[in-house]
Amino acid sequence: MVSSKPQPDSNSKVLIFGAGNFGSCLASHLGDSQHDVFMWAREPELIKHFNLHHRNPFYLTDHDFPQNITAVGPEQPDKEFIEKMDVLLFAIPTQFLRANLQQIRPKLDINNLPLLIFVNKGIEIGTHALTLEIIVDTCGPDIAKAATFISGPSFAKEIVERQPTSVSVASFTESEAAKAANLFHQPHFRCYTGGDPIGIELSGALKNVYAIASGMSDGLGFLNNTRAMIITRGLAEMTCIGTAYGASPLTFLGLSGVGDLFLTCSSSNSRNYTVGYRLGKGEPLESIIETLGSVAEGVSTTKAVKKVVDDLGVSAPIASSVYDVLYNGKDTKLAVRQLMELPPSRELELPPTAGGPARQLLRKLGLENTDLNTIMHPHL
């Protein structure tokens, strides 16, 4: 099995693709941890301003970044530069990841592979692929099995303020997850490892849809009972979708599941919550997107989630209602009323069949003869 090069005890060379909110905050965290960080951006003005002032002119604008971070770009780093890196971290929106990986793959040496970490959250429109499948398609199964995924309740602004934070770190290769956890782990930033990257990816994508629903509820003037209902029923829907897909239901009880769901559904710092709140106040979606100032991946993810839900044949009325508001022009008040008028049903019920999409993905990875539970829970 392919694994990344041994990591140094300190001063790892880290290349971060993406200089948005989350890419920038992770650059700051790793710079604070005494690693040599390079942050790739497409905007020449961002690169110039950052290297002169060690401030990002577009994101986390009040934050002074450590001196050991260098902005690079706008062209992608060449093969020689990438071969010197210990870590490649991808903080690119999911919809743009495939094109970037297609350019990067020829620069990767399978025998001298950097640690690959992915922090984007979403499902690709059109293909409905998770990030793991995008990696398989662009870089091959060996590299995909070595890829590591980080997700959890982690607002960028609070990370740079060193607020205590914990995240989930998962990979099909346990040693790779451990390397990523060691890279990030600090007294104010705890990492917990696991073996279910499919569940972590689905959690990170799905919670954004329910954050939009929670924001709508608050925008309409509903209070705490309603938000608690959306979070709890949202978690039930996420678990049902994830289990039908082939993820472990336990993953949705962790930091990347209920932890991230609670955070994104409860705070105006969440871009997806903000989209929902403004929809609840009656603003048109087009106006919200134009003035938001950053990407709310839940808007594009909702379209992909609707297709996944329909293909799996599972019941996800909240996710379906968010889709109707975003893409069919349904009035938010009508959507809420129709949800509340649904007939009584069982509170908790997992789908009778599970794992179809995950098994297809495992075939792409060359793991078709491996039991899903063995991969996700190797110590049970």
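Residue numbers count from 1 along this sequence. For the numbers below, each heavy atom of this structure counts, side chains included, while hydrogens, waters and symmetry mates do not. For clarity, every value in this text was computed on a predicted model and none was experimentally measured.
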Please name all residues satisfying side-chain hydrogen bond (donor to acceptor under 3.5 Å, both in side chains) with [X], sequence neighbours left out, ordered by chain then number.
| X | value |
| --- | --- |
| Asp311 | Lys307 |
| Asn328 | Asp324 |
| Asp218 | Arg227, Tyr273 |

Whether [X] side chain and [Y] backbone form a donor-acceptor pair below 3.5 Å:
| X | Y | value |
| --- | --- | --- |
| His29 | Phe184 | yes |
| Arg105 | Cys139 | yes |
| Ser266 | Phe262 | yes |
| Thr165 | Gln163 | yes |
| Asn51 | Ala71 | yes |
| Glu133 | Leu361 | no |
| Asn21 | Ala156 | no |
| Thr127 | Ala129 | yes |
| Thr94 | Ile123 | no |
| Gln103 | Gln76 | no |

Just checking, Lys145 and Phe172: is the charged tip under 6.0 Å from the six-membered ring centre and within 45° of the axis?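 Checked: cation-pi criterion not met.
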Where [X] and [Y] come nearest, the two heavy atoms and their spacing:
| X | Y | value |
| --- | --- | --- |
| Ser203 | Ser256 | CB-O, 3.0 Å |
| Gly280 | Thr332 | CA-OG1, 4.3 Å |
| Leu15 | Pro77 | CD2-CG, 3.8 Å |
| Pro74 | Trp40 | O-NE1, 3.3 Å |
| Ala180 | Ile117 | CB-CD1, 3.9 Å |
| His35 | Asn68 | O-ND2, 2.8 Å |

For a salt bridge (charged side-chain N to carboxylate O under 4.0 Å, His left out) check, start with the C-alpha distance between Lys79 and Asp109, then their side-chain angles and the critical distance, and finish with the verdict. CA-CA 9 Å; Lys79 181 179 176 65; Asp109 180 354; over 6 Å; no
Residue pair [X] / [Y], side-chain heavy-atom distance below 4.5 Å:
| X | Y | result |
| --- | --- | --- |
| Val305 | Tyr323 | no |
| Glu201 | Leu132 | yes |
| Met340 | Met229 | yes |
| Leu285 | Leu326 | yes |
| Thr148 | Val169 | yes |
| Ser320 | Lys306 | yes |
| Val119 | Phe90 | no |
| Leu130 | Pro357 | no |

Without hydrogens or angle criteria, can the side chains of [X] and [Y] be said to hold a donor-acceptor pair below 3.5 Å?
| X | Y | value |
| --- | --- | --- |
| Arg278 | Ser287 | no |
| Gln34 | Ser10 | no |
| Asn208 | Thr301 | no |
| Ser4 | Lys179 | yes |

Shared hydrophobic cluster, [X] / [Y] (ILVMFWY, side-chain heavy atoms < 4.5 Å):
| X | Y | value |
| --- | --- | --- |
| Leu108 | Ile92 | yes |
| Val325 | Val299 | yes |
| Leu312 | Val309 | yes |

From [X] [atom1] over to [Y] [atom2], what is the distance, rounded to the nearest 0.5 angstrom?
| X | Y | atom1 | atom2 | answer |
| --- | --- | --- | --- | --- |
| Arg190 | Leu255 | CZ | CG | 10.0 Å |
| Met39 | Thr70 | CE | OG1 | 9.5 Å |
| Leu202 | Thr251 | CG | OG1 | 9.5 Å |
| Cys240 | Tyr245 | SG | OH | 15.0 Å |
| Leu253 | Leu235 | CG | CG | 6.5 Å |

Under the ring pair (Phe, Tyr, Trp, His ring centres under 6.0 Å) test, residues paired with Phe149 that sit two or more places apart: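 Applying ring pair (Phe, Tyr, Trp, His ring centres under 6.0 Å) to Phe149 gives Phe118.
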State which residues pass ring pair (Phe, Tyr, Trp, His ring centres under 6.0 Å) with Phe65; sequence neighbours excluded, sorted by chain then number.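 For Phe65, the residues satisfying ring pair (Phe, Tyr, Trp, His ring centres under 6.0 Å) (neighbours in sequence not counted) are Phe50, His63.
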Under the criterion side-chain contact (heavy atoms from CB on, under 4.5 Å), I'd like the reasoning laid out for Ser217 against Val336: C-alpha separation, chi angles, the key distance, then a yes or no. CA-CA 8 Å; Ser217 170; Val336 171; over 6 Å; no
Does [atom1] in [X] sit with more than 12 non-hydrogen atoms of other residues, nucleotides or ligands closer than 6.0 Å?
| X | atom1 | result |
| --- | --- | --- |
| Glu341 | CD | yes |
| Lys5 | NZ | yes |
| Asp78 | CG | yes |
| Lys48 | NZ | no |

Sequence neighbours left out, what passes side-chain contact (heavy atoms from CB on, under 4.5 Å) with Gln95? Give chain and number order. Glu124, Ile125, Ser300
Does the side-chain hydrogen bond (donor to acceptor under 3.5 Å, both in side chains) test come out yes or no for Thr131 and Asn120, once each step is laid out? CA-CA 8 Å; Thr131 294; Asn120 53 299; 2.7 Å; yes
Are Arg162 and Asp32 close enough for a salt bridge, meaning some N to O gap below 4.0 Å? yes
Test log, rule side-chain contact (heavy atoms from CB on, under 4.5 Å), inputs Asp86 and Leu115: CA-CA 6 Å; Asp86 299 302; Leu115 175 63; over 6 Å; no
Report the C-alpha separation of Asp64 and His54 in whole Å, then their side-chain angles, then the decisive distance to 0.1 Å, and conclude whether the side-chain contact (heavy atoms from CB on, under 4.5 Å) test is met. CA-CA 6 Å; Asp64 289 315; His54 280 275; over 6 Å; no
Walk me through whether Tyr277 and Ser268 qualify under side-chain contact (heavy atoms from CB on, under 4.5 Å). CA-CA 8 Å; Tyr277 184 85; Ser268 59; over 6 Å; no
Aromatic contact, Phe81 with Phe38 (centres under 6.0 Å):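 Yes - the distance between ring centres of Phe81 and Phe38 falls below the 6.0 Å cut-off.
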